[in-house]
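In what follows, chains are A, B, ... by sequence order, proteins preceding strands, each numbered from 1.
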Number of protein chains: 2
Amino acid sequence: MEAVPQAVPLPLAFADGVFPAGCPSRTLLDHITSKWGVLILIALSEGEQRWSDLRRRAEGISEKMLAQTLKTLERDGLVSRNAQPVIPPRVDYSLTERGYELSGLLVPLVAWAFENAEDIINSSR
Amino acid sequence: MEAVPQAVPLPLAFADGVFPAGCPSRTLLDHITSKWGVLILIALSEGEQRWSDLRRRAEGISEKMLAQTLKTLERDGLVSRNAQPVIPPRVDYSLTERGYELSGLLVPLVAWAFENAEDIINSSR
DNA sequence: TCACTAGCTTACCTAAAGGTCAGTACCTTA
DNA sequence: TAAGGTACTGACCTTTAGGTAAGCTAGTGA
């Protein structure tokens with residue numbers, strides 16, 4: 001495991017101090033990178049899905065956390081909710097334009113994690 | 001806030017179920033997307049830095065969390081630690097090759113968050 | 001002799017994230 | 001008549017992430 005001397009250029013905005021402590025980006029980043037936030041965004045990057053689909057796809061999520069996470073992402077304007085007044089209820093969730101912008105950056109990251117995870121986690125203990 | 005009908009193609013690997021619950025990628029993702037993990041990786045993407053530099057750049061981090069986060073990232077082979085046997089001690093941290101690979105994906109994400117955060121967080125309450 | 005440095009570790013505690021389970025509304029199917 | 005599906009909410013409890021503060025090491029400068 002050798003150190004490598006190159007550096008990825010950083011946006012000047014956070015060249016010093018990464019970014020300040022009370023900064024809104026910290027909050028947004030917390031929403032996006034929360035345990036279930038990532039998974040929901042990734043799942044939705046494939047297109048509109050129902051509540052029950054999301055429950056299955058984000059394996060292990062509780063209904064409480066699904067509701068909470070979706071609400072946060074909706075408030076942030078990343079996810080849009082479409083409820084149809086039918087019985088039994090049917091609610092579809094999808095990414096907004098902004099959500100797709102984000103998922104375009106998130107998918108490669110998660111894909112990388114997926115590809116490297118076994119190697120990394122198993123060899124690190 | 002309109003829904004948009006396009007979809008980002010997902011790696012087939014997690015086309016179904018995003019990825020399984022006990023999967024190593026969940027663990028790795030937790031390390032990477034932890035509150036301080038992201039910031040440390042971003043800070044190091046600019047190049048080697050000392051302990052005390054990192055403390056300053058990741059504004060608000062406690063010594064305990066800095067140590068813990070660095071250890072995790074080191075165990076995962078993303079960060080390398082170079083301690084010089086001098087007094088007072090001097091320890092440099094840098095990204096490994098794998099760490100740079102990752103930070104190349106992480107930086108655009110964080111930059112996006114930085115650019116959109118104010119807009120999103122302020123208008124969502 | 002004392003304080004001061006940098007890079008930690010440890011013990012203790014709090015706050016927040018998250019889990020479990022029960023309940024609800026309304027209709028359909030067995 | 002009873003059970004089941006769907007999309008939730010709320011109460012309550014546990015687990016974990018993270019904060020605070022003190023201590024340690026081994027030298028150097030005052």
Got a sec, which residues hit salt bridge (charged side-chain N to carboxylate O under 4.0 Å, His left out) with [X], two or more places apart in sequence or on another chain?
X      : result
A:R81  : none
B:R50  : none
B:D119 : A:R98

ask   = At under 4.0 Å between heavy atoms, what does B:R81 touch on the DNA or RNA strands: base, sugar-phosphate, or nothing?
value = sugar-phosphate
task = Check side chain to side chain donor-acceptor pair (under 3.5 Å) between A:W112 and all other residues, then give those that pass, not counting sequence neighbours.
result = B:E101
Given atom [atom1] of [X] and atom [atom2] of [N], what is their separation to the nearest angstrom?
X     : N      : atom1 : atom2 : value
A:D92 : D:dT6  : CG    : P     : 13 Å
A:D30 : C:dA17 : CG    : P     : 8 Å
B:R26 : C:dG18 : CZ    : P     : 12 Å
A:Q49 : D:dT6  : CD    : C1'   : 16 Å
B:E74 : C:dG7  : CD    : P     : 15 Å
B:R50 : C:dT5  : CZ    : C1'   : 10 Å

Distance in Å, B:W51 CH2 paired with B:L66 CG, rounded so as to fall on 0.5 Å steps = 4.0 Å
Below 4.0 Å: OP1/OP2 of C:dA6 and any side-chain N or O of B:Y93 = no
ask   = Within the structure, does a side-chain N or O atom of A:S52 lie under 4.0 Å from either OP1 or OP2 of D:dG5?
value = no
ask   = Quick one: which of C:dA6, D:dC8, C:dT9 gets closest to the side chain of B:K71?
value = C:dT9
query = Among pairs that include at least one residue of residues 60-69 of chain A, which meet salt bridge (Lys or Arg N to Asp or Glu O under 4.0 Å), considering only residues two or more places apart or in two chains?
reply = A:R55-A:E63
inquiry  = One character per nucleotide, please: for nucleotides 12-30 of chain D, 5' to 3', B when the base has a protein heavy atom closer than 4.0 Å, S when only the sugar-phosphate does, - otherwise.
reply    = ------BBB-----BS---
